[in-house]
Undergrad: 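Can you read through this structure? Questions will come right after.
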Amino acid sequence: MTKHREVKAALLGATGAVGQRYINMLPKHPYLHLEVLMGGESAGKKYGQAVHWLFPDAMDSAMAEKVVKQARPESAKGCDIVFSALPSEVAAEVESKFAEAGFIVVSEASAHRMDSDVPLMIPEINAEHLRLLETQKRKRGWKGAIATTPNCTGTGLSMVLKPLIDEYQAEKAIVTTMQALSGAGFPGVPSLSIQENVIPYIKNEEEKVAAEAKKILGTFKDGVIKPSPIEMGISCNRVAVIDGHMETLYAEFGMDISPEDAERTLARFRGEPQTLKLPTAPDQPIIVRRENDRPQPRLDRMAGSVPGMSVVVGRVRNGIDARSLQLTLLSHNTIRGAAGTAILTAELMEREGYLE
Ligand SMILES: NC(=O)c1ccc[n+]([C@@H]2O[C@H](COP(=O)([O-])OP(=O)(O)OC[C@H]3O[C@@H](n4cnc5c(N)ncnc54)[C@H](OP(=O)(O)O)[C@@H]3O)[C@@H](O)[C@H]2O)c1
């Protein structure tokens, strides 16, 4: 059994749709202890009274009693890591203040994701990108540093593209998304706009997904990330599903590809978190379903050994010729697409000595 240090964590944006996922996941964690909750309007109130709780399972009673603190470095004194689930406009300044004050920040927000010295982490794909933290500290003169996790839509997509690029040189990806309501935070899209409807536009999302996926899938050499050359076309839609982003992918390759081989390659995909047996790492990051009508958000979003951390893929078939492939993928947007990947990143950081 590997020995872990006990890690004290603080959380910025604890009352939001993503913040609540941390409150749901961290009290069960073997060595990450959520000690401090921080927020904006909720500061000064007990968490249980300030939050509009979104989950059917009961809130951890110790969390409910915690008083939410102001989003300032002094509030997190004594903590080893700060998770941030702040809106991007707020995150840009607040996260930099925490890093400057010496904290390691793991952020869900887009504010710093594309900074050239900030890693954009999916630990199964790019564990080595964490080495950028040293460059960042040196360049910015900070004692702490910021690591980020991707947009919820790009996460499942990048996980599926990684083995397809490595094994069959995927060159082009055309993607259409069907994104859940919780991806817009709480209260999100007005009910009268989304009931009985699909909205074919999510502000800034298409550009973000493509640029982020290229960075995540990029190679790290001589202290710099060289983006993946894969070409991408993305269309984003909001649908009336609560949790779970579904996406159809049409990919083109530099070689012939059989759907059966592709299914085997996807199901075999493993990364550093599986080798290290990190607590939030699912045994199988990609689960392949062979029924014609899977994946489905309601049935598959909590699949896998760590619920919500596996991407579920189905309907794998050739496209217009043997060098193309079509498939459908599903990933849980606030677990694999947000809190779960940030917690996995923190576990990797702990194991690799970044929290000392
Ligand atoms: N939803 C998803 O599926 C998803 C997935 C990946 C990434 N993200 C990203 O994660 C972040 C959070 O998303 P969300 O969906 O959880 O948003 P949300 O539901 O709107 O929650 C925002 C949180 O930020 C806090 N906050 C707002 N203004 C603040 C301020 N000035 N100072 C301190 N705290 C402030 C709020 O706390 P108070 O109530 O105390 O004001 C609330 O807890 C965003 O950057 C989003 O883009 C979301």
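Atoms within each ligand, like the ligands themselves, are counted from 1 in listed order. Worth saying up front: this structure is predicted, and the values here are computed from it rather than measured.
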Undergrad: Kindly indicate, with the supporting measurements, whether the criterion side-chain contact (heavy atoms from CB on, under 4.5 Å) is fulfilled by T15 and H52.
TA: CA-CA 7 Å; T15 55; H52 178 96; over 6 Å; no

Undergrad: Which protein residues come within less than 4.0 angstrom of ligand 1, counting heavy atoms only?
TA: G13, A14, T15, G16, A17, V18, G39, G40, E41, S42, A71, A85, L86, P87, S88, V90, E108, A109, R113, C152, S182, G183, G185, F186, N333, T334, G337, A338

Undergrad: Under the ring pair (Phe, Tyr, Trp, His ring centres under 6.0 Å) test, which residues partner F220, sequence neighbours left out?
TA: none

Undergrad: For residues N197 and S193, report the shortest heavy-atom separation together with the two atoms involved.
TA: ND2-O, 3.0 Å

Undergrad: For T219, which residues count as a side-chain contact (heavy atoms from CB on, under 4.5 Å) partner, sequence neighbours excluded?
TA: K226

Undergrad: With salt bridge (Lys or Arg N to Asp or Glu O under 4.0 Å) as the test, would you mind laying out the steps for E171 and R323 before giving the verdict?
TA: CA-CA 10 Å; E171 292 171 345; R323 290 185 163 217; over 6 Å; no

Undergrad: According to the side chain to side chain donor-acceptor pair (under 3.5 Å) rule, which pairs have a member within residues 58-69, sequence neighbours left out?
TA: K46-E65

